[in-house]
Amino acid sequence: MHTPERHRRSTVPPTAAEPAARPGRPSGRAAVLALAATATALGLVASVQGGADAAVQGSLPAGTQFYRDPASQVVKWVAANPGDSRTPVISKRIASQPQAVWFSNYRPTTVTSDVRAVTAAAEQAGRTPVLVAYAVPNRDCGGASAGGAPDLASYDAWVGKFAAGLGSSRSIVVLEPDSIALTTCLDAQQQSDRFASLARAVTTIHAASPAAKVYLDGGHSTWNSASEQANRLRSAGVLNADGFFSNVSNFNTTAGETAFAHNVLSALGNPGNLHAVIDTSRNGNGPAGSTWCDPSGRAVGNYPTASTGDSAIDAFLWIKPPGEADGCAAAAGTFVPDIAYQLAVNAADPTSPPSTPPASSQPPTSQPPTSQPPSGGASCSVAYRVNSWSAGFTADITVKNTGNATISGWKLGWTFPGDQKVTSAWNATVVQSGAAVTATDLGYNGTLAAGASTAFGLQATYGSSNTAPSAFTLNGTACTLS
């Protein structure tokens, strides 16, 4: 088992102080367009932000609930710091909300299982996950989030493996932030090749998971003009996608981004199949002038919802997880409590209950399993991997049937050698009595054919020791460790 590749990147928006070669540097024309767009949208978005006109709906069902990742950095921090004075407001206004899960490490051998761990948990919870694919070669043009696949052929293969983990339920795929708006490091042929690869990615994802909704990089309202961005999107196959996203990791207002989205759609000819999603994770107070890197005084914006009041806007999403640094207050993607607190304390409380309760408030479940009773002994192996922090950790556990017969229903047992206490779990029912722990399948993942495996996870606290268990049993039979 491996640690899921859930790194959060920080899109680095350009500023006027940067060299002219850096794309997105707001020009006079772009500024005029942005101001005009904002003015055009004020009447429209006033009802959106106030929750009016709820009958107007994009292509997502109005009741869509997004998946909240119990392994996100903010959830872990809240669980590990119950006595911190900042915890209540961060918990209520940030940790309670669904945020995107980023797949930013180029791990072709594990990306399918990484994605499936998220989508399976979302299916079980009846929620729609938001997943960010972020592995295109030469991403961020070598900036703070440099990296990605070694070449486009490798990237195409990685996308196929990413898509294989999506499953048959609805998901939102945010495909490659900056890949279309930020291309100044590419010559004309390289840009053409990248756009062709993105178009292939859209087709690959839709073929593997027809219920998936794929959105391409629309930049944001103070970067490329709407007509320029539309031309790039068209070249990258947007007409075969579900639309585009804007404002990822930025602070532009919802009004300005909504107007920009309408202008891009207009430049594309207003095709009926295309819509936009907007990142509202940090735009509650708008931008801080030209300061883009961890500016103070910002606030979370519209809480994640598919009820935008605008048929062109499918959702307001938290794509950049609030509280994760841009690279100035800390390394890009690092959770910084002070940043999260500022974003939270400057915002209002959410007006609807969270998609799922904060992990720190979820007690170990004791409900009976939904599968049939286990069928007996088994030959098995177990991989147990932890991601630990002060006083808390998550564990990812993979169970494999190494025998020749199908396992119908499973119970995995172990004993914690330290003072670990389970607080929540996903993809299994986990019950703890003293140091003894039992994890039971949830029915949908209870059948393991010969050679098949399944994964589940848990969150827990510990005091003095977090030593890993040394022995596991599956349906009463000892497993090997892998």
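Count residues from 1 along the sequence. These numbers come from a predicted model, not from an experiment. Every heavy atom of this structure was used, including side-chain atoms; hydrogens, water molecules and symmetry mates were not.
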Asks: In terms of the angle between their ring planes, are Phe335 and Trp77 parallel, tilted or perpendicular, with boundaries placed at 30° and 60°?
Replies: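 Taking Trp77 first and then Phe335, their aromatic rings sit tilted (interplane angle of 30° to 60°).
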Asks: Before giving the answer on side-chain contact (heavy atoms from CB on, under 4.5 Å), spell out for Asp156 and Ser197 the whole-Å C-alpha distance, their side-chain angles and the decisive distance to 0.1 Å.
Replies: CA-CA 7 Å; Asp156 290 350; Ser197 181; 2.7 Å; yes
Asks: Return all side-chain donor-acceptor pairs below 3.5 angstrom for residues 207-215, not counting sequence neighbours, or 'none' if the list is empty.
Replies:
from: Ser209; atom 1: OG; to: Gly167; atom 2: O; distance (Å): 2.7
from: Lys213; atom 1: NZ; to: Ser59; atom 2: OG; distance (Å): 3.0
from: Tyr215; atom 1: OH; to: Asp314; atom 2: OD2; distance (Å): 2.6

Asks: Using side-chain heavy atoms (C-beta onward) and a distance below 4.5 Å, is Val101 in contact with Pro129?
Replies: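 Result no, sub-4.5 Å side-chain heavy-atom pair not found.
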Asks: If we ignore angles and hydrogens, is there a donor and acceptor under 3.5 Å between the side chains of Asp69 and Ser72?
Replies: no
Asks: Taking NZ, NE, NH1 and NH2 as the nitrogens, is one of them in Lys320 or Asp279 under 4.0 Å from a carboxylate oxygen of the other?
Replies: no
Asks: Compute whether any side-chain donor of one residue and acceptor of the other, for Asp310 and Thr258, lie under 3.5 angstrom apart.
Replies: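 On atom types as modelled, these side chains do not qualify, holding no pair under 3.5 Å.
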Asks: Is the closest side-chain heavy-atom distance between Arg170 and Pro61 below 4.5 Å?
Replies: yes
Asks: Tell me, do Arg232 and Asn224 make a side-chain contact under 4.5 Å, heavy atoms counted?
Replies: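 Touching, per the 4.5 Å side-chain cut-off.
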Asks: Any side-chain heavy atom of Asp217 sitting closer than 4.5 Å to one from Phe244?
Replies: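 A side-chain contact under 4.5 Å is absent here.
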Asks: Taking the inter-plane angle between the rings of His220 and Trp223 on a 0 to 90° scale, is it parallel (under 30°), tilted (30 to 60°) or perpendicular (over 60°)?
Replies: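 Tilted.
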Asks: Is the number of heavy atoms from other residues, nucleotides or ligands under 6.0 Å of Lys400 NZ greater than 12?
Replies: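 No.
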Asks: Begin with the C-alpha distance, continue with both residues' side-chain angles, and end with the deciding distance and a verdict on side-chain contact (heavy atoms from CB on, under 4.5 Å) for Gln99 and Tyr67.
Replies: CA-CA 7 Å; Gln99 301 166 37; Tyr67 176 66; over 6 Å; no
Asks: With rounding to the nearest 0.5 angstrom, report the CD1 to CD distance, Ile339 to Glu324.
Replies: 10.0 Å
Asks: Quick one, Asn263 and Gln229 - any side-chain contact, counting heavy atoms below 4.5 Å?
Replies: no
Asks: Mind checking side-chain contact (heavy atoms from CB on, under 4.5 Å) for Ala449 and listing every partner two or more places apart, or none if nothing turns up?
Replies: Thr406, Ala452
Asks: Could you check whether any side-chain heavy atom of Tyr341 comes within less than 4.5 Å of a side-chain heavy atom of Leu343, counting everything from C-beta outward?
Replies: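 No, side chains not in contact.
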Asks: Between Leu198 and Ser179, is a side-chain contact (heavy atoms from CB on, under 4.5 Å) present by the stated rule, with each step listed?
Replies: CA-CA 9 Å; Leu198 292 171; Ser179 61; 3.5 Å; yes
Asks: Can you find a heavy atom in the side chain of Val277 that is under 4.5 Å from one in the side chain of Phe316?
Replies: no
Asks: Is there a side-chain contact (heavy atoms from CB on, under 4.5 Å) between Leu448 and Thr454? Walk through the geometry before answering.
Replies: CA-CA 8 Å; Leu448 295 178; Thr454 190; 3.9 Å; yes
Asks: Judged by modelled atom types alone, do Asn302 and Thr254 share a side-chain donor-acceptor pair under 3.5 Å?
Replies: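 Yes - a donor-acceptor pair under 3.5 Å links their side chains.
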Asks: Quick check: do Asp151 and Tyr155 have side-chain heavy atoms less than 4.5 Å from each other?
Replies: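 A side-chain contact under 4.5 Å is absent here.
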Asks: Specify whether Trp318 and Tyr303 have parallel, tilted or perpendicular ring planes, treating 30° as the upper limit for parallel and 60° as the lower limit for perpendicular.
Replies: tilted
Asks: I'd like to know if Lys92 and Asp349 make a salt bridge, using a cut-off of under 4.0 Å between side-chain N and carboxylate O.
Replies: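 The answer is yes: the pair qualifies as a salt bridge.
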Asks: Could Asp326 and Arg282 be called an ion pair, given the rule that one side-chain N must be under 4.0 Å from one carboxylate O?
Replies: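 So Asp326 pairs with Arg282 through a salt bridge.
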Asks: Considering the options Asp242, Leu233, Leu274, Val173, which one meets the side-chain contact (heavy atoms from CB on, under 4.5 Å) requirement together with Leu216?
Replies: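 Filter result, single survivor: Leu233.
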